[in-house]
Amino acid sequence: MSKQQDAMIVLEEVAQSLKESAEAVAVRSDYDSGRLMGYYEALSTLLSQCSVMGIDPSDLHLGAEFKPESLLGARKAA
């Protein structure tokens, strides 16, 4: 495998991990809200840089319709 292929695998794993972690947050406190904002910022930056580099977000297997802003919608406490 080339370094570029390895980098894409790492990028995909990081994107998936961030998304799954963000979706698991049940906002119960200001701390949880802050965590969620951090995940949003990380995913937004990642997708922005992918756009700059010509990497299709679908290559990260986040889902064709995934928008980081969706993480900031009304979240219910579990």
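Just so we're clear, the structure is a prediction, and the values are computed from it rather than from any experiment.
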Using a 3.5 Å distance criterion without hydrogens, assess whether the side chain of Thr45 forms a donor-acceptor pair with backbone atoms of Ala42. no
side-chain hydrogen bond (donor to acceptor under 3.5 Å, both in side chains) partners of residues 49-63, not counting sequence neighbours, each pair once: Asp56-Ser58
Determine whether more than 12 heavy atoms belonging to other residues, nucleotides or ligands lie under 6.0 Å from atom CD of Glu69. yes
List the atom of Leu60, the atom of Glu12, and the distance in Å for their closest heavy-atom pair. O-CG, 3.6 Å
Determine whether Leu36 and Tyr31 fall in the same hydrophobic cluster, where Ile, Leu, Val, Met, Phe, Trp and Tyr are linked whenever their side-chain heavy atoms lie under 4.5 Å apart. no
Please collect all salt bridge (charged side-chain N to carboxylate O under 4.0 Å, His left out) contacts where either partner lies in residues 36-54, sequence neighbours excluded, each pair once. none
Would a distance-only check, ignoring hydrogens and angles, find a side-chain to backbone donor-acceptor pair under 3.5 Å from Gln5 to Ser2? yes
Side-chain heavy-atom pair Tyr39, Ser21 within 4.5 angstrom cut-off: yes
Report the C-alpha distance between Ser33 and Val25 in whole Å, list the side-chain angles of each, state the deciding distance to 0.1 Å, and finish with yes or no for side-chain contact (heavy atoms from CB on, under 4.5 Å). CA-CA 9 Å; Ser33 293; Val25 173; over 6 Å; no
Distance from Leu18 atom CG to Ser44 atom OG, nearest 0.5 Å? 10.5 Å
Side-chain heavy-atom pair Lys67, Leu47 within 4.5 angstrom cut-off: no
Check Leu43 against Ala15 and note the closest heavy-atom contact, atom names and distance. CD2-O, 3.8 Å
Taking only residues two or more places apart in sequence or in another chain, which ones pass salt bridge (charged side-chain N to carboxylate O under 4.0 Å, His left out) with Asp32? Arg35
Is it the case that more than 12 heavy atoms not belonging to Asp30 sit under 6.0 Å from its CG atom? no
Which pair of non-hydrogen atoms, one from Glu23 and one from Leu71, has the smallest distance, and what is that distance? CG-CD2, 4.2 Å
Of all the heavy-atom pairs spanning Tyr40 and Pro68, show the shortest one and how long it is. CD1-O, 3.4 Å
Flag yes if Met53 and Met8 sit in one hydrophobic cluster, no otherwise; membership is Ile, Leu, Val, Met, Phe, Trp, Tyr, and two members link when side-chain heavy atoms are under 4.5 Å apart. yes
